[in-house]
Amino acid sequence: MLNHPILQQLQKCHSLNTLKQAHAQMVTTGLSLQTYYLSHFLNTSSKFDSAYALTIFNRIPTPTVFLYNTLISSLTRLGDQTHLAFSLYSRILTHETLQPNSFTFPSLFKACSSDPWLQHGPPLHTHVLKFLQPPYDHFVQASLLNFYAKYGKLCLSRYLFNQISKPDLATWNIMLAAYAQSASHISYSTSFEDADMSLEALYLFSDMLLSQIKPNEVTLVALITACSNLGALSQGAWAHGYVLRNNLKLNRFVGTALVDMYSKCGCLNLACQLFDQLSDRDTFCYNAMIGGFAAHGHGSQALELYRKMKVEGLVPDGATIVVTMFACSHGGLVEEGLEIFESTKGVHGMEPKLEHYGCLIDLLGRAGRLKEAEERLQNMPMKPNAILWRSLLGAARLHGNLEMGEAALKHLIELEPETSGNYVLLSNMYANSAKWNDVKRVRMLMKDRGVDKLPGFSLLEINGAMHEFLTGDRAHPFSKEIYLKIGEINRRLQEYGHKPRTSEVLFDVEEEDKEDFLSYHSERLAIAFALIASPSSFPIRMIKNLRVCGDCHTITKLISLAYRRDIIVRDRNRFHHFKDGSCSCLGFW
DNA sequence: GTAGGGTTAG
């Protein structure tokens, strides 16, 4: 198509004005084919000007659906002109003689896949049913799948996917990415459902191989993302090997996903090595690597990389600021963190967003500067959300300021009456101060409101198989051996002078019960199983969906000493590397 | 004779 003589002639036009003149001439002489070519050229060239394209379009007396589709797709590609695309679409509908066709819908569904256009998707789906005849076109089906995944209806996506007899590569990729991403909206907040979604992505990948569709880079990015969510190192490393064995490109997408995967699987060294190998690094790559340093508690290395990216001419974005400040607050680098926050406005010309205020509150609060944290929170330009109040609450709890904690919690429960973690935090604060009546009061409040405590669970990978453990779980096939092992661990740790910190247990129960309850926290079960089932020279790697409790943290340090095992735990906030009786977090967690 | 769907960081 690009070889058409008229287009070649047009490509010699170097200014928008000459293009416009040429186009005007064509329109007036009624050359409709040429009109198309020009529209297409305008659309695909860097000189695309949506206002001008629309002006021309409006002068065409009888535009065909084909011409509508061309323009709609160009407008949706721009990202910020979606409203114009939809108004063109509604013009098709008002035409008596025109109907949308299979080419009209894919770009519109793509436009509906992100805010604020999500609401337009379902009505558009009814139009598909109205205007198109089954069997539906592959592209239409794929864009529908993708839309429903982004709309939060993953089940519906899967249902539609199952009805496609031979999905093509892009369709598989959409489904895989949908599962991998549904779990990674908030990093590290792995829940049972999220883990299931990521596991489903792994299963789907093997189905894909069985169906003889050859994966490409996009497929691998989704697969690697799923491994990151699961902390599944051997699957992730296998995926890396797959990229190399099959001569897939280690492009920015694949590279960033791998850096993130190695980092989230606890292998910061491998993440660094890979990062150094990447040839064209953009802000995304840097963000992943800085985020890796941050989560592993290497604050100064994170800062160093942050400075390096600016030297290399890359512009930090909102996410860069988040991860770098996170590194500062988890590494005790308060002044550096404050400086970065202030620089978002001054140096980088960004208006700090809600999440940046979140980092700020966390930074100050964690460092014990509670009053300042509270002041910043009260004086910020937007309304603080639950995450910010929780941050303040966490800080108040860490530094034993019960009064501030109670105040923060009041706001928090107002914003999130259904979230059990809020009640648990308050209750733990009361328990720490032995205020058992207050603990009981919170417990009643939870019961009245029908809020259940979120079950803690841990994920562990041994020899490529994933094992899940819930608190007090007895469902594992080796459950008996695990509980025997816990008995042994407890006896061994007592030799090291360990006395359990019973205040972490929520309720006012007898001391001995509390000890039992702690012994069966999911991480304890996972560690016991790993000690039984994995070679003693291997580090133990696991993921916890909540934050590690104080007692488990102490115990895990001791186990790393008593059993001479490195234990690497990813909790919902960060990594803990336990080695020889100490932890890399140095208490910042 | 022409147009359409999938990927990375917090």
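Throughout, protein chains are lettered first and strands after them, A, B, ... in sequence-line order, and every chain is numbered starting at 1.
- The aromatic ring of A:F139 is not stacked on the base of B:dG5, since the criterion of ring centres less than 5.5 Å apart with planes inclined by under 30° is not met.
- Minimum atom distance to the side chain of A:A288 is reached by B:dA9, of the listed B:dG4, B:dG5, B:dA9.
- Rounding to whole angstrom units, CG of residue A:N287 and C1' of B:dG10 are separated by 8 Å.
- Taking OG of A:S50 as the start and CD of A:Q81 as the end, the distance is 3.5 Å to the nearest 0.5 Å.
- Close to B:dG4, at under 4.0 Å from its OP1 or OP2, lies a side-chain N or O of A:R77.
- Remark: C1' of B:dA9 and CE of A:M309 are 10 Å apart, rounded to the nearest angstrom.
- In this structure, A:L75 atom CG and B:dA3 atom C1' are separated by 13 Å, rounded to whole Å.
- Contact annotation for A:T283: no contact, since no heavy-atom pair falls under 4.0 Å across all strands.
- If you take CD of A:Q141 and C1' of B:dG5, they are 11 Å apart, rounded to a whole angstrom.
- Using a 4.0 Å cut-off, no side-chain N or O of A:K150 falls inside it from OP1 or OP2 of B:dG5.
- A donor-acceptor distance shorter than 3.5 angstrom exists from the side chain of A:H356 to the backbone of A:K353, with no hydrogens or angles considered.
- Atom pair A:H330:NE2 and B:dG10:C1' shows a separation of 12 Å (rounding to whole Å applied).
- No engagement by A:I321 is indicated, since no non-hydrogen atom pair under 4.0 Å with the nucleic acid exists.
- Looking at A:F147 and A:P122, their side chains come closer than 4.5 Å, going by heavy atoms from C-beta outward.
- Atoms CD1 and CG, from A:I213 and A:L169 in turn, are 6.5 Å apart once rounded to the nearest 0.5 Å.
- The residue A:N69 sits close to a base: some heavy atom pair falls under 4.0 Å.
- Between A:A367 and A:V334, the shortest heavy-atom contact is CB-CG2, 3.4 Å.
- Contacts of A:N251 with the nucleic acid, taken as non-hydrogen atoms under 4.0 Å apart, are absent.
- Of the candidate nucleotides B:dG4, B:dT7, B:dA9, B:dG4 has the atom nearest to the side chain of A:D137.
- Of the side-chain N and O atoms in A:S73, one or more sit less than 4.0 angstrom from OP1 or OP2 of B:dG4.
- For CG of A:N269, the number of neighbouring non-hydrogen atoms (other residues, nucleotides, ligands) closer than 6.0 Å is 12 at most.
- Side-chain atoms of A:S102 lie closest to B:dG4 of the nucleotides B:dG4, B:dG5, B:dT7.
- For the pair A:L278 CG and B:dT7 P, the computed distance is 20 Å after rounding to whole Å.
- Taking only side-chain atoms of A:F66, from C-beta outward, the nucleotide of B:dA9, B:dT2, B:dT8 with the closest atom is B:dT2.
- Between A:L314 atom CG and B:dT8 atom C1' there is a gap of 15 Å when expressed in whole angstrom units.
- Using a 3.5 Å distance cut-off with no hydrogens or angles, the side chains of A:T320 and A:D317 do pair a donor with an acceptor.
- Residue A:N101 places its side chain closer to B:dA3 than to any other of B:dA3, B:dT7, B:dA9.
- A heavy atom lying under 4.0 Å from DNA chain B marks the following residues of residues 107-123 of chain A, by number: A:K110.
- Within the cation-pi definition used here (under 6.0 Å to the ring centroid, within 45° of the axis), A:R91 does not qualify as a partner of A:Y68.
- Which of B:dG4, B:dA3, B:dT8 sits closest to the side chain of A:D282 comes down to B:dT8.
- Taking only side-chain atoms of A:T225, from C-beta outward, the nucleotide of B:dG5, B:dG4, B:dT8 with the closest atom is B:dT8.
- The listed nucleotides are B:dG5, B:dT7, B:dG10; the one nearest the side chain of A:P106 is B:dG5.
- Using a 4.0 Å heavy-atom criterion, one finds that A:T171 contacts the bases of the nucleic acid, with or without backbone contacts as well.
- We find that CG of A:N573 is positioned 13 Å from P of B:dG10, with the value rounded to whole Å.
- Between A:R307 and A:E339 there is no salt bridge, since no side-chain N of the basic residue sits under 4.0 Å from a carboxylate O of the acidic one.
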